[in-house]
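Below: the structure, in structure tokens.
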Amino acid sequence: MRWVYKSFQIICCWILLQSSALAESAVLEVDGLMAANQWREAAKIVFLEAKRINPHDSRIAIAQAKAGLIDDALESVNELYPDARSSALLSIVRNSPILSFQKEQQLLQQALYWGRRNSDKPYTDGFKSGELASIALYYSAKGMEDKAKLTFAEAINDAQSGLMADDSSGFRRITDLLRKAPVKQVKSWMLSDIYNALIHDTDSLNRAFGCIDMVAVSARLKNRGLMNKFTDCANSAIRQIEHARLKNRAIEALGLSQIEMKGFVLPPSTSPILEAIRHVRSGQIEKSYEMISGFGENLYVSHKSYAYGLIFDDAIKRGDLHTAQYFAQRGDDDTQISIWQRLAEKQFELKSQSAAVKSYTKALTAAKTLNVATDVNLFNIHSLVRLGQSLIQHGMKEEGYKTLTIARSSIDKISPMNMEDRVLASIAVSDAFWHNGWKRGANDLIRQAYFDAHSYDTTQPFGEMRKLDLLVSIGESIGGYTTLKSND
């Protein structure tokens with residue numbers, strides 16, 4: 001028996017050696033293809049490596065479509081669990097740059113087929129409603145109103161069927177989708193259909209937040225009549241919420257939805273955040289800042305930072321440059337780059353170019369502090385990349401290129417213990433380099449990113465899932481690379 005055990009050991013060692021050799025061969029092949037700028041071929045192999053980790057992950061198919069690998073994406077869809085196929089097919093249609101109209105319609109029909117099949121199960125958590133509503137929004141975006149109406153009606157009917165089983169999740173999925181959708185996709189008749197069904201939801205909490213979503217959508221559509229109807233619906237539901245904290249959350253959420261309507265005047269509120277926004281909108285900027293300076297924080301969220309972000313965002317949307325600058329001067333160190341960049345972009349939009357240059361200078365000053373920093377994170381790298389791209393787009397090319405150079409040198413300051421962030425940072429900077437014509441620098445960065453992703457330690461918690469995510473991100477990026485004039 002000892003010789004049998006010994007033979008088994010030898011076979012296991014041989015298998016391990018062969019697997020290691022195959023893996024090393026794949027790395028060399030991908031690296032060679034990248035070095036030769038054969039990006040599609042390299043992306044194919046990277047995606048195959050991701051599929052070996054989990055062939056049932058829908059992110060692979062979606063990323064393959066974005067990379068223009070439609071046949072590979074459709075093959076990946078066939079390996080997904082049935083519940084995931086409808087959303088994956090719709091994502092392929094949305095994200096593919098090369099689909100013909102005939103192929104697009106064929107895939108939409110397949111997405112409808114798989115979406116409808118989700119209702120065959122006893123508990124679907126509103127999946128069918130959400131998927132049908134997503135397809136209806138896509139039809140609407142393409143101007144196919146008749147198909148949009150039929151599909152949306154089917155989504156509403158499915159959500160109503162859920163109400164009979166005390167399941168409001170279908171409506172919550174629909175209202176959440178509409179709130180996140182681009183305004184051009186959403187039509188007033190969709191909101192009317194939802195209102196007529198949502199008022200019958202006996203779950204006051206779900207009804208309240210569903211109506212609150214629709215208040216925001218009505219505001220974006222500039223439809224005050226619908227906004228008033230949904231506001232009344234929300235207030236009626238909020239009065240029935242018994243839990244004090246949830247009731248306060250709903251009151252605050254309603255106010256934040258209402259201010260999306262241009263010219264809306266906030267009434268006095270029990271919500272401190274809404275009061276801070278009301279004060280700043282009435283010109284009492286110092287009083288508003290004093291209020292939020294007293295907000296506390298817990299293990300999960302800084303209420304001060306949250307309120308600061310809401311007020312700054314509101315000022316930018318309204319074009320209130322005075323308020324935006326006041327708060328930019330008092331922002332946290334970590335947000336200085338993005339805050340001043342956003343202010344500069346708004347100033348350029350409003351033709352205040354000299355002020356915009358001054359704001360960009362403030363952002364560049366904050367960026368330079370990272371050049372001498374010893375501890376940098378992924379958020380910092382993304383901030384630098386966005387700033388560099390923004391500067392280039394607004395004609396400040398020299399400053400933009402210098403900022404991207406700072407981003408490149410800052411990657412090495414991310415802790416080696418945080419390899420995931422180092423890879424994602426390398427992808428972000430590589431993309432910026434490539435699309436600005438710095439092909440050599442981009443090539444070096446993405447090749448290192450792939451090597452680090454391939455070598456990612458999968459023994460740590462969620463290691464395999466994170467490695468898959470990194471490989472998918474790399475495949476999606478390099479699949480989109482095209483031949484550009486080099487600035488090297």
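Just so it is clear, the values below take in all heavy atoms, side chains as well, and ignore hydrogens, waters and symmetry mates.
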With a 6.0 Å cut-off (strictly less than), is the heavy-atom count around [atom1] of [X], excluding the residue itself, greater than 12?
X    : atom1 : value
E75  : CD    : no
E290 : CD    : no
N78  : CG    : yes

I need the [X] [atom1] to [Y] [atom2] distance, nearest 0.5 Å.
X    : Y    : atom1 : atom2 : value
I135 : K147 : CD1   : NZ    : 11.5 Å
L468 : I53  : CG    : CD1   : 5.0 Å
W438 : Y401 : CH2   : OH    : 7.0 Å
N95  : I70  : CG    : CD1   : 9.5 Å
L343 : K346 : CG    : NZ    : 10.5 Å
L99  : R94  : CG    : CZ    : 13.5 Å

Backbone N/O of [Y] and side chain of [X]: donor-acceptor pair under 3.5 Å:
X    : Y    : answer
T175 : R172 : yes
S58  : A88  : no
S409 : I406 : yes
D31  : V27  : no
R220 : E260 : no
S140 : Q185 : yes
D332 : D334 : no
K413 : L370 : yes
K51  : I60  : no
N443 : K439 : no

Shortest non-hydrogen contact from [X] toward [Y]:
X    : Y    : result
F295 : P272 : CZ-CB, 3.7 Å
L391 : G400 : CB-CA, 3.7 Å
A366 : Q336 : CB-CB, 3.8 Å
L384 : T403 : O-CG2, 3.3 Å
L404 : V429 : O-CG1, 4.4 Å
I427 : S477 : CG2-OG, 3.2 Å

For the residue pair [X] and [Y], confirm or rule out a side-chain donor-acceptor distance under 3.5 Å.
X    : Y    : value
K358 : Q325 : no
Y138 : E104 : yes
Q341 : E345 : yes
S302 : Y308 : no
D444 : Q448 : no
T323 : R318 : no

Can you tell me how the ring of [X] sits relative to the ring of [Y], calling it parallel under 30°, perpendicular over 60° and tilted otherwise?
X    : Y    : value
H454 : Y450 : tilted
Y289 : F327 : perpendicular
Y481 : W39  : perpendicular

Would you indicate whether the side-chain heavy atoms of [Y] and [X] approach each other to under 4.5 Å?
X    : Y    : result
Q460 : E420 : no
L69  : F47  : yes
V30  : E49  : no
S257 : R179 : yes
S410 : N380 : no

For the side chain to side chain contact (heavy atoms under 4.5 Å, CB included) test, which of I411, L378, I381 pairs with D421?
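When I411, L378, I381 are each tested with D421, the side chain to side chain contact (heavy atoms under 4.5 Å, CB included) holds only for L378.
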Any salt bridge linking [X] with [Y]? Criterion: basic side-chain nitrogen under 4.0 Å from a carboxylate oxygen.
X    : Y    : result
E145 : K187 : no
D320 : R281 : no
D412 : R422 : yes
R249 : E252 : no

Using a 6.0 Å distance limit plus a 45 degree cone around the ring axis, check whether R447 lies over the aromatic ring of F451.
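Ring-cation test returns no.
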